[in-house]
Asks: 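Before I ask anything, let me first share the structure, which is written out below as structure tokens.
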Amino acid sequence: MLEMRKDIFADERDDNLNVIGKGLQRQDAPGHVTGRTRYFDDHAFEGLLHLKVVRSPHAHARIRSIDVSAAERAPGVKRVLRGADVPVNKNTLLSLINFGKDDEPSLAVDKVRYKGEPVVAILADSEAEALAARKLVRIDYEPLPTVFDVEEALKPGAPVVNETYPGNYFEYHERFDHQKLRFGDVERGFSGADIVMEHRYQMSPIEHAPTETNGTIAAPEQNGRFVVHSCAQGLFFALGTTAKIVDVESNRLHFIGGTVGGGFGGKVDSLTEPLAVLGAMLTGKPVRFVLDREEEMLYGSPRGAERIYIKDGVMRDGRIVARYIRSYFDAGAYTRLSSYAAIKCTAHVPGPYWIPNVASDIYVAYTNRCPSTAMRGFGVTAVDFALEVQMDRLAEAASMDPMEFRILNAYRDGDMKPHRRAAKNTALVECVQVAAEKANWPLSEQARRQSSLNGGAGERGQIPATTVDTKGQIGRPETRAGTPTQTLPAGTARIPLSKQPVMEGARDGRAVPTQVPRYEPARPTMPPPNAPPAYAPPPYQAASPPAAPSYQPAPPPVSAPAAPAQTQHGAVRFSSVFGTRRR
């Protein structure tokens, strides 16, 4: 099978890796340099309408009233859309694989939760007429308290940003308040270390700034179908999301992608497709919805801000013996892809280094900022930056060369990762050696002799006895129960959960009845009667070597375990990320 695949793609892939150092022409280069490449906006339609949205001037406010009467009478205006016109006016991107709860409206109804959130859409004969009519919409707002800091958002009493998640934290599988990792005994590792160092790292939101802004043209075809020219990076994500929001069968939508004029992760959220298609459905005419540069820069999804605390215990000889990471992802007002970023971050801890004691707590927090999304390695890039700066600081504290410090602590084949998987095909040692050679960086003879093939496995390949406490148990704070600490025997492959999760799809070999895919209509955004309290993370206290700051468990539970929530989505699907099965 593998050899046959190589034959099929012989003209596209060369496994000999012999192209490095050669000037090869990209297959799309001629079209770009001659101006013949077609983008989504290179399609002409007779009677094309232009869609523009009215955006919130407030980061958090209640909508008291909306008056669109003057806009409806404005020259060239063909239709004004409000939240009530959207068939399914609540969505989250990963609902297509049954992950997370629908939390974001296409057009706000009762509240706005970030500055720039769409409230009203105007469809007019020209872009100028749509912009003029936009100014005639009158919306009465009642400003509400805001929160912009991830740790402040998780404190008790913080303003509730997103009523779908009243604790201001994303709930994994509708019950877990964060992503966690436990391996070995971190507290014992810190107490036995010669140096203990903790630092905080902060990443800011970053706009992708593509040359081509987000945009879509949707037009009616025959037999109730619609053709959609989109710049989406994930065309089938955009198709599924749009079909759900406008409540039509996906086979009625003919999505055409083509060339993306720059994306980098910023064109996976379907910011324009649903409203463009809805406008075409309601007017029977082609509709163009394109963000201008200001909208793209201010309201297009950025890379999310991340705050990372890293605490390390190091021996005088340079061996890292313990590492604890606490990280916060700023999702903004809605989830989008931040929940996935936290999973990627947890999967990357503790970097490419073998450390016998590792723990991490990774949170997704909601704030009154623009919702964040994917961008070039999101979930890994920021923690990688923090880890490598931390490695330089540790090397200096241990009086070691930073290159040799990395070689000493790098994974070798056979090492056991904190995720309880053996490392294989490791190559950090060789990468550092080559980088040092190219930079004329002097390495000791011992460092030059090191290999990723040697030194792993053995004791380094075993799963150690792992200590977990109430802080280490997954679940909402009020559902955590049990003894303050417990030690899992060495070799234990899985950490038992504080509460058995309700998973969609097969689990541990047990069959799950096939269900019919369904999507629930929008619900009133009222907080649940027994909303869980906001999660209060442990306060940050900087540690200065050689003292070892305490590693405190969370406070005892404050209420009885909550009843399991019903899953929101009916489809049983497979996800390579979350491990559920599609039928």
Side-chain angles (χ1 to χ4, degrees), residues 39-41 50-56 81 83 85-86 88-96 102-108 112-123 127 130 134 205-218 226 228-246 253 255-258 260-280 287-304 331-338 340 369-375 378:
Y39 297 88
F40 86 90
D41 214 12
H50 296 262
L51 187 151
K52 291 294 179 180
V53 296
V54 179
R55 298 182 180 275
S56 165
L81 304 180
D85 298 310
V86 183
V88 181
N89 194 27
K90 192 176 279 190
N91 179 61
T92 191
L93 177 64
L94 293 180
S95 67
L96 296 176
D102 290 336
D103 65 342
E104 181 173 7
S106 296
L107 294 173
V112 289
R113 297 169 178 86
Y114 68 94
K115 186 175 181 179
E117 181 166 2
V119 182
V120 174
I122 308 289
L123 291 95
E127 189 170 2
R134 188 170 67 174
I206 302 174
E207 162 58 27
H208 308 77
T211 303
E212 170 198 61
T213 61
N214 273 272
T216 302
I217 296 178
F226 297 85
V228 184
H229 294 280
S230 168
C231 66
Q233 289 180 255
L235 200 64
F236 283 94
F237 258 138
L239 170 61
T241 296
T242 303
K244 172 185 173 180
I245 292 174
V246 302
L253 302 178
F255 267 63
I256 300 175
V260 177
F264 325 112
K267 292 180 178 175
V268 298
D269 289 333
S270 304
L271 299 181
T272 57
E273 289 85 356
L275 288 181
V277 172
L278 180 61
V287 173
R288 177 181 181 267
F289 180 17
V290 181
L291 302 189
D292 61 32
R293 179 57 59 185
E294 180 181 7
E295 289 177 306
E296 181 72 39
M297 296 294 291
L298 294 178
Y299 315 126
S301 302
R303 177 201 290 276
Y334 301 109
T335 305
R336 297 196 184 172
L337 284 170
S338 294
Y340 174 43
R369 295 182 183 274
C370 180
S372 57
T373 191
M375 184 179 185
F378 71 115

Asks: Could you name each residue pair satisfying salt bridge (charged side-chain N to carboxylate O under 4.0 Å, His left out) that touches residues 269-279, not counting sequence neighbours?
Replies: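 Counting only pairs at least two positions apart or across chains, the salt bridge (charged side-chain N to carboxylate O under 4.0 Å, His left out) contacts touching residues 269-279 are Asp269-Arg336.
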Asks: Residues in side chain to side chain donor-acceptor pair (under 3.5 Å) with Glu212, at least two apart?
Replies: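 Counting only residues at least two positions away or on another chain, Glu212 forms a side chain to side chain donor-acceptor pair (under 3.5 Å) with Lys267.
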Asks: Begin from the C-alpha positions of Leu93 and Phe237 and carry the test side-chain contact (heavy atoms from CB on, under 4.5 Å) through to its verdict.
Replies: CA-CA 8 Å; Leu93 177 64; Phe237 258 138; 3.9 Å; yes
Asks: Could you tell me if the side chain of Val119 sits less than 4.5 Å from the side chain of Val53, heavy atoms only?
Replies: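 In short, these two side chains do not touch, never coming nearer than 4.5 Å.
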Asks: For Arg134, check side chain to side chain donor-acceptor pair (under 3.5 Å) against everything at least two apart and list the hits.
Replies: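 If we apply the side chain to side chain donor-acceptor pair (under 3.5 Å) test to Arg134, skipping adjacent residues, there are no hits.
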Asks: What residue among Thr242, Val88, Asn91 forms side chain to side chain contact (heavy atoms under 4.5 Å, CB included) with Pro274?
Replies: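 The single option meeting the side chain to side chain contact (heavy atoms under 4.5 Å, CB included) with Pro274 is Thr242.
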Asks: Step by step, work out the side-chain contact (heavy atoms from CB on, under 4.5 Å) result for Val86 and Leu81.
Replies: CA-CA 8 Å; Val86 183; Leu81 304 180; over 6 Å; no
Asks: Taking all heavy atoms of Tyr299 and all of Cys370, pick out the closest pair and write down the distance.
Replies: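 Result for this residue pair: O-SG, 3.5 Å.
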Asks: Could you report the tightest heavy-atom contact between Leu271 and Phe289, atom names first, then the distance?
Replies: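 Taking every non-hydrogen atom into account, O-CE2, 3.8 Å.
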Asks: About how many Å separate OG1 of Thr373 and NE2 of His208, when rounded to the nearest 0.5 Å?
Replies: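 If we round to the nearest 0.5 Å, His208:NE2 and Thr373:OG1 are 6.0 Å apart.
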Asks: Could you pull out all residues at least two apart from Arg288 that satisfy side-chain contact (heavy atoms from CB on, under 4.5 Å)?
Replies: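 Checked Arg288 against side-chain contact (heavy atoms from CB on, under 4.5 Å); matches are Asp41, Leu48, His50, Glu127, Ile217, Val290.
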Asks: Looking at Lys115, is its backbone amide N or carbonyl O close enough to the side chain of Arg369 to form a donor-acceptor pair, meaning the two atoms are under 3.5 Å apart?
Replies: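 Flag not set: sc Arg369 to bb Lys115 has no pair under 3.5 Å.
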Asks: Can you sort out the partners of Glu296 under salt bridge (charged side-chain N to carboxylate O under 4.0 Å, His left out), two or more places apart, ordered by chain and number?
Replies: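 Not a single residue meets the salt bridge (charged side-chain N to carboxylate O under 4.0 Å, His left out) criterion with Glu296.
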Asks: Starting at CG of Leu96, measure out to NZ of Lys244 and round the result to the nearest 0.5 Å.
Replies: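 Going from the CG atom of Leu96 to the NZ atom of Lys244 covers 6.5 Å.
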Asks: Which residues pass the ring-ring contact (aromatic ring centres under 6.0 Å, His included) test with Phe378, sequence neighbours left out?
Replies: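 Once residues adjacent in sequence are excluded, the partners of Phe378 under the ring-ring contact (aromatic ring centres under 6.0 Å, His included) criterion are Tyr340.
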Asks: Using every non-hydrogen atom in the two residues, find where Val268 and Ala374 come nearest and quote the distance to one decimal.
Replies: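 Distance-wise, the nearest heavy atoms are CG2-CB, 4.3 Å.
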Asks: So which atom in Gly266 and which in Asn214 form the shortest heavy-atom distance, rounded to 0.1 Å?
Replies: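 Minimum heavy-atom contact is O-ND2, 3.4 Å.
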Asks: What's the spacing between Asp85 CG and Ser106 OG if we round to 0.5 Å?
Replies: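 Interatomic distance, Asp85 CG to Ser106 OG, rounded to 0.5 Å: 11.5 Å.
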Asks: State which residues pass side-chain contact (heavy atoms from CB on, under 4.5 Å) with Ala218; sequence neighbours excluded, sorted by chain then number.
Replies: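 Expected list: Val228, Ala276, Val277, Ala280.
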Asks: For Pro210 versus Gly261, what's the shortest heavy-atom pair and its separation?
Replies: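 Scanning both residues, the minimum pair turns out to be CB-O, 3.9 Å.
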Asks: Could I get the full list of side chain to side chain donor-acceptor pair (under 3.5 Å) partners for Tyr334, not counting sequence neighbours?
Replies: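 Per chain and number, Tyr334 pairs via side chain to side chain donor-acceptor pair (under 3.5 Å) with Arg113, Glu117.
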Asks: Please report the shortest heavy-atom distance between Gly257 and Leu235, naming the atom on each side.
Replies: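 Nearest heavy atoms, Gly257 then Leu235: N-CD2, 3.6 Å.
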Asks: side-chain contact (heavy atoms from CB on, under 4.5 Å) between Thr213 and Arg293: does it pass, once the steps are laid out?
Replies: CA-CA 7 Å; Thr213 61; Arg293 179 57 59 185; 3.6 Å; yes
Asks: Quick one: list whatever passes side-chain contact (heavy atoms from CB on, under 4.5 Å) with Ile206, sequence neighbours left out.
Replies: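 Per chain and number, Ile206 pairs via side-chain contact (heavy atoms from CB on, under 4.5 Å) with Arg303, Met375.
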Asks: Look only at the side chain of Ser95 and the backbone of Asp102, and say whether a donor-acceptor pair between them is shorter than 3.5 Å.
Replies: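 It does not hold such a pair.
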Asks: Distance from Phe264 atom CZ to Glu207 atom CD, nearest 0.5 Å?
Replies: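 Answer rounded to 0.5 Å: 10.0 Å.
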Asks: Which residues pass the side-chain contact (heavy atoms from CB on, under 4.5 Å) test with Phe236, sequence neighbours left out?
Replies: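 Scan of Phe236 (side-chain contact (heavy atoms from CB on, under 4.5 Å), adjacent residues dropped) gives Leu239.
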Asks: Given the rule in the side-chain contact (heavy atoms from CB on, under 4.5 Å) test, do Leu107 and Leu275 qualify, once you have shown the distances and angles that lead to the verdict?
Replies: CA-CA 9 Å; Leu107 294 173; Leu275 288 181; 4.0 Å; yes
